[in-house]
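Notes follow once the structure below has been shown.
Note: hydrogens, waters and symmetry copies are ignored here, and every other heavy atom, side chains too, is used. All figures in this text were calculated on a predicted structure; none of them were measured in a lab.
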Amino acid sequence: MPRHSPQAGQSLVETTLLGIFVLVPLFLVTLLLGKYVDLQDSTLQATRNAAFERTVWSETGQRDGMTTAQEGNVLPHPQVVSFKCAPTT
């Protein structure tokens with residue numbers, strides 16, 4: 001008949017405690033860190049986009065430096081691009 005030592009099941013208890021107090025918080029901190037990095041990257045990208053838009057578009061909504069003949073070809077939304085081809089003869 002096998003003898004049961006007083007330490008039977010100790011590894012299971014240690015693994016469970018390790019999982020509860022170390023691995024689960026580590027997993028949650030990793031998720032929060034990923035969200036923080038994504039938020040920081042999105043903020044930086046929005047800042048760069050706003051700075052670019054400020055340098056390209058004037059307060060009237062038209063591109064700076066265009067003549068009045070060219071202003072008719074500019075669309076109101078800066079991300080939409082319009083190409084007009086000249087007729088060939």
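- Interatomic distance, CG of L39 versus OG1 of T43, reported as 4.5 Å (0.5 Å rounding).
- In terms of heavy atoms, T16 sits closest to L12 at OG1-O, 2.8 Å.
- For E14, the CD atom is densely surrounded, since the number of other residues' heavy atoms within 6.0 Å is greater than 12.
- Between atom CG of residue L26 and atom CG of residue L31 there is a gap of 10.0 Å, rounded to the nearest 0.5 Å.
- Other cluster members for L17: V13, I20, F21, joined by side-chain heavy-atom distances under 4.5 Å among Ile, Leu, Val, Met, Phe, Trp and Tyr.
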